[in-house]
Amino acid sequence: MKLLRVGPVGQEKPVAMDTAGNLRDIGEPEIDGAFLASGGVARVRDALERGDLPIVDAEGLRIGPPVARPGKIVCIGLNYSDHAAETGADLPAEPVVFMKAPNTVVGPYDEVLVPRGSVKTDWEVELAVVIGQTCRYLESREEALSKIAGYAVANDVSEREFQIERGGQWDKGKSCETFNPLGPWLVTADEVGDPQGLGMRLWVNGELRQNGHSENMVFDVAEIVRYLSRFMVLEPGDVINTGTPAGVAMGLPGRPYLRAGDVMELEIDGLGRQRQTVGQA
C-alpha cells in the first residue's frame, strides 16, 4: 500500500493510492507516529479493500512528504563501499551515525535551497526507513524488520564545507532548510519485501550521476535498525536515511556541486520518483 499527503505546505491531507492510481481519503487526521503506532496502516488497508474510501481529486495538488514532521531523522554515513571509496574514507567497523533536523523535511517536488555562503551543496539518493513501532534494545534482525512501517525515497542533501571543513560533527552540513526531500510515497513494508533488492538512481540536469543498489550497503536495513535501538529509542514516525551509493559531487571529477537553477531527479525501484529545482536561500 502507498500512503501520501497532498496539499499546500502545512495543510496536507493524508490519502492512500489504490491499485488504479486513484487517491483515496483515508479519514485520518495525519500520517504520523500516532497513526503508525495505533494500527493506522491496517485500518486503512482494510477500508481500502472494502472500497470504503472516497476518491480525492488529485489534479494540481502538491505532494508533500508522506510522514508529517518526524520526531527525528537518523542518518547512516559511509554505508556503501563505493561511496566510502570515492570520498577516500575507510569502511566503518560500525555504522556511522549522525542526525538531521526534522524541519529539513520537504516534499519530493519542493524547491531545494543552496544555503547562503555555500559553494559545496551536494546530492545523495537514499533509501529511507520509516519506523512503525517503538524500537528499544532489539535482539534480532527479524525483530528489527518487524518494527518497520515502510520505506520512501530521500534526498540527503549535504553541504560539504559545512559538514567537513568547519569543525565539529556532520550535523551542521546536513540540517540546512529543505535538505531532506522525502516521498512521494510511504510504501508499506509488505509491498516492498526485501529492502536490499532495490535499484536507486539520481540525475542532475538530465545526466545520470548515481546508479546504485541497496544490496551494496555495508550494514543492511535490519542491522541498522537493530544497532540504533541499542543506543537510542526509535519511535513510530522516526525516519532513518540509510546511506548513499557512489556518484555524489564530492567524489566526481571537477566536483560539480549544485547551483541555483540545477534540477535533481531521483528514484528507487517501487518507491517512486522525485524532482527538485535548486534555488538560493
Side-chain angles (χ1 to χ4, degrees), residues 1-73 102-112 127-134 145-155 178 180-195 198 235-240 265-277:
M1 185 170 64
K2 296 179 176 69
L3 299 170
L4 60 160
R5 300 166 63 248
V6 296
V9 175
Q11 302 176 45
E12 293 92 346
K13 182 183 188 67
V15 298
M17 180 179 291
D18 65 22
T19 55
N22 298 310
L23 299 187
R24 302 274 181 168
D25 186 342
I26 67 174
E28 297 275 353
E30 259 303 2
I31 300 171
D32 56 11
F35 166 82
L36 297 171
S38 66
V41 169
R43 288 197 302 274
V44 171
R45 182 182 288 111
D46 290 345
L48 195 61
E49 291 174 353
R50 292 195 305 268
D52 291 345
L53 304 180
I55 291 179
V56 174
D57 182 4
E59 186 172 356
L61 284 180
R62 166 185 171 269
I63 298 178
V67 179
R69 189 163 176 152
K72 55 182 171 289
I73 303 170
N103 65 359
T104 59
V105 174
V106 294
Y109 307 108
D110 291 345
E111 185 179 45
V112 166
L127 173 64
V129 174
V130 179
I131 298 299
Q133 300 176 44
T134 300
L145 290 174
S146 75
K147 303 292 188 181
I148 296 172
Y151 302 90
V153 183
N155 188 354
T178 74
N180 207 94
L182 188 67
W185 314 310
L186 169 60
V187 184
T188 53
D190 60 317
E191 182 170 326
V192 173
D194 180 7
L198 305 174
E235 298 179 328
D238 286 350
V239 172
I240 304 170
E265 298 173 275
L266 50 155
E267 66 182 14
I268 297 178
D269 293 346
L271 301 184
R273 188 177 179 96
Q274 300 185 355
R275 184 182 190 276
Q276 297 108 32
T277 299

Do Asn180 and Asn155 make a side-chain contact, defined as non-hydrogen atoms from C-beta onward lying under 4.5 Å apart? no
Asp46 meets the side-chain hydrogen bond (donor to acceptor under 3.5 Å, both in side chains) criterion, sequence neighbours left out, with none
Heavy-atom nearest pair, Ala154 first then Leu266, reads O-CD1, 3.8 Å
Name all residues meeting the side-chain hydrogen bond (donor to acceptor under 3.5 Å, both in side chains) criterion together with Asp190; count only those two or more places apart in sequence or in a different chain, and write none if there are none. Arg45, Thr188
Sub-4.5 Å side-chain heavy-atom contact between Leu4 and Leu186: no
Taking all non-hydrogen atoms of both residues into account, name the closest pair between Pro184 and Pro108 and its distance. CA-CG, 3.6 Å
CG of Asp238 to NZ of Lys72: how many Å apart, nearest 0.5 Å? 3.5 Å
According to side-chain hydrogen bond (donor to acceptor under 3.5 Å, both in side chains), who are the partners of Gln274, at least two apart in sequence or on a separate chain? Gln276
With sequence neighbours left out, the residues meeting side chain to side chain contact (heavy atoms under 4.5 Å, CB included) with Arg275 are Tyr109, Val263, Glu265, Thr277
I'd like a table of donor-acceptor pairs (distance under 3.5 Å, sequence neighbours excluded) in which one partner is a side-chain atom from residues 33-41, with atom names and distances.
{"unit_1": "Ser38", "atom_1": "OG", "unit_2": "Ala34", "atom_2": "O", "d": "2.9"}
{"unit_1": "Ser38", "atom_1": "OG", "unit_2": "Phe35", "atom_2": "O", "d": "3.2"}
{"unit_1": "Ser38", "atom_1": "OG", "unit_2": "Arg43", "atom_2": "NH2", "d": "3.4"}

Kindly indicate whether the side chain of Arg24, heavy atoms from C-beta on, has any atom under 4.5 Å from the side chain of Ile55. yes
Residue set satisfying salt bridge (charged side-chain N to carboxylate O under 4.0 Å, His left out) with Lys13, at least two apart, ordered chain then number -> Asp25
May I ask you to decide if Ile26's main-chain N or O and Glu28's side chain share a donor-acceptor pair within less than 3.5 Å? no
Is any side-chain heavy atom of Ile148 closer than 4.5 Å to one of Val130? no
Taken in chain and number order and not counting sequence neighbours, the residues that satisfy salt bridge (charged side-chain N to carboxylate O under 4.0 Å, His left out) with Glu30 are Arg5
Any residue meeting side chain to side chain contact (heavy atoms under 4.5 Å, CB included) with Val106, in chain and number order, not counting sequence neighbours: Asp110, Thr178, Pro181
List the residues meeting side chain to side chain contact (heavy atoms under 4.5 Å, CB included) with Asp269, not counting sequence neighbours, and say none if there are none. Leu198, Arg201
Any side-chain heavy-atom pair of Tyr151 and Leu127 under 4.5 Å: yes
CZ of Arg50 to CG of Leu48, rounded to nearest 0.5 Å, is 10.0 Å
Quick one: side-chain hydrogen bond (donor to acceptor under 3.5 Å, both in side chains) partners of Asp194, sequence neighbours excluded? none
Closest non-hydrogen contact found for Pro102 with Pro70 is CB-O, 3.2 Å
For the student: nearest non-hydrogen atoms of Ala152 and Leu182, plus distance: CB-CD1, 4.1 Å
Student check: side-chain heavy atoms of Ile31 and Pro66 closer than 4.5 Å: no
If you round to the nearest 0.5 Å, how far is CG of Asp18 from CG of Leu23? 8.0 Å
My understanding is that only residues two or more places apart in sequence, or in another chain, count here; which of them pass salt bridge (charged side-chain N to carboxylate O under 4.0 Å, His left out) with Asp32? none
Grab the two heavy atoms, one from Arg62 and one from Gly107, that are nearest each other, plus how far apart they are. NH2-N, 3.9 Å
Show your working on side chain to side chain contact (heavy atoms under 4.5 Å, CB included) between Val105 and Ile73 and close with a plain yes or no. CA-CA 9 Å; Val105 174; Ile73 303 170; 3.3 Å; yes
Show the numbers, then the answer: is there a side chain to side chain contact (heavy atoms under 4.5 Å, CB included) between Leu3 and Val44? CA-CA 9 Å; Leu3 299 170; Val44 171; 4.1 Å; yes
Among all residues two or more places apart in sequence or in another chain, which pass the salt bridge (charged side-chain N to carboxylate O under 4.0 Å, His left out) test with Glu191? Lys2
